[in-house]
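Below is one structure; the comments refer to it alone.
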Amino acid sequence: MKHLCAGLLGMAAILPTAAAARDYCPTRPSLGQSACTIDTGRVAIETALSDWERDSDADTVLFGDTLFRLGVADRVELQVEWTPAGVVRDRMTGDRTARSGDVELGARIALRNPDGMGLSYGLRPSVSVPAGRSPIGMGGWGAALVAPMSYDLTDKLNLQFSPEIATMPREDRGGNMTVATATLGLGIMLGDKCQLAVEGQWSHDDMATEHRAGLAVGWQLSDDLFVDAGGVAGLDHDTPALRIYSGLSRRF
């Protein structure tokens with residue numbers, strides 16, 4: 001992973017550096033995706049400072065879940081995401097299992113308005129490489145395609161929709177399963193430097209159907225630096241009951 005990160009930074013160094021022609025649009029802290037891309041030659045690192053999830057029988061804590069973004073064209077960026085460490089604690093026995101997560105390789109392609117303004121939509125294909133181990137990693141190869149879109153209702157309200165189709169390994173038996181997910185959100189500007197995201201998410205596979213509601217807030221500390229915090233509540237018995245997280249996003 002160290003060589004991969006170094007490679008990304010090295011690519012950024014040799015790409016032609018463009019002036020900051022558009023505002024930085026972090027992927028965090030929303031549950032859904034965005035079609036907004038960063039400028040050619042720019043790099044962004046978006047990482048979780050804390051991420052805790054409570055299920056009916058276990059608690060999961062992720063450490064340093066990080067997304068690397070590299071702008072390679074006006075409408076295209078490459079992405080690498082990795083969870084270096086995570087711990088799952090069985091709430092019945094108290095046993096703890098520490099593992100690293102998988103590596104996800106992807107790209108974001110803006111088909112309209114790469115700055116995310118007005119009506120914006122695009123594609124985000126990705127492949128999950130089984131670099132980690134269960135229960136933090138999936139234990140096998142996976143792939144996904146997201147088609148994010150957003151629309152500015154007013155200068156303070158932004159409607160967001162992210163449908164996704166994915167294939168991922170089953171936890172309890174061999175083979176892969178198809179997972180469909182849809183995330184609907186509303187971004188609300190509370191001021192020049194603060195935005196609230198209210199979201200609902202539905203996902204379905206051959207084992208369960210899950211429903212979530214999320215609330216997150218992001219603060220812009222400078223043109224290139226954001227911090228965020230959020231929470232997600234499960235709305236049925238098949239969905240983890242609660243998730244609380246925070247993080248920061250930095251563009252270089």
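Residue numbers run from 1 in the order of the sequence given.
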Whether over 12 other heavy atoms sit under 6.0 Å from M117 CE: no
Tell me, do [X] and [Y] make a side-chain contact under 4.5 Å, heavy atoms counted?
X: I165; Y: T178; result: yes
X: L186; Y: N158; result: no
X: L159; Y: L184; result: yes
X: V103; Y: W82; result: yes
X: W52; Y: L242; result: yes
X: P148; Y: S162; result: yes
X: D55; Y: T60; result: no
X: R91; Y: R54; result: yes

Testing the 3.5 Å rule here: is there a donor-acceptor pair between the side chains of [X] and [Y]?
X: Q201; Y: T183; answer: yes
X: T83; Y: D65; answer: yes
X: E81; Y: Q79; answer: no
X: T209; Y: H204; answer: yes
X: S203; Y: T181; answer: no

Would S120 and Y151 count as a side chain to side chain contact (heavy atoms under 4.5 Å, CB included) if you check the C-alpha gap in whole Å, the side-chain angles of each, and the deciding distance to 0.1 Å? CA-CA 6 Å; S120 176; Y151 179 69; over 6 Å; no
For S246 and S50, what are the C-alpha separation, side-chain angles and deciding distance, and is it a side chain to side chain donor-acceptor pair (under 3.5 Å)? CA-CA 5 Å; S246 65; S50 63; 2.7 Å; yes
Begin with the C-alpha distance, continue with both residues' side-chain angles, and end with the deciding distance and a verdict on side chain to side chain contact (heavy atoms under 4.5 Å, CB included) for R69 and V43. CA-CA 6 Å; R69 302 169 60 189; V43 171; over 6 Å; no
Residues [X] and [Y] bridged, charged N to O under 4.0 Å:
X: R96; Y: D59; result: no
X: D95; Y: R89; result: no
X: R251; Y: D23; result: no
X: E46; Y: R28; result: no
X: R170; Y: D205; result: no
X: R124; Y: E104; result: yes

Treating N113 as the side-chain partner and G116 as the backbone partner, does any N or O pair qualify as donor plus acceptor under 3.5 Å? no
May I ask you to decide if L31's main-chain N or O and E199's side chain share a donor-acceptor pair within less than 3.5 Å? yes
Linking I/L/V/M/F/W/Y whenever their side-chain heavy atoms sit closer than 4.5 Å, directly or via other members, would [X] and [Y] fall into one cluster?
X: M168; Y: M207; answer: yes
X: V198; Y: V217; answer: yes
X: V127; Y: I136; answer: no

Return the SG to CZ distance between C36 and R108, rounded to the nearest 0.5 Å. 7.0 Å
Candidates D115, D74, D223 - the one meeting salt bridge (charged side-chain N to carboxylate O under 4.0 Å, His left out) with R22: D74
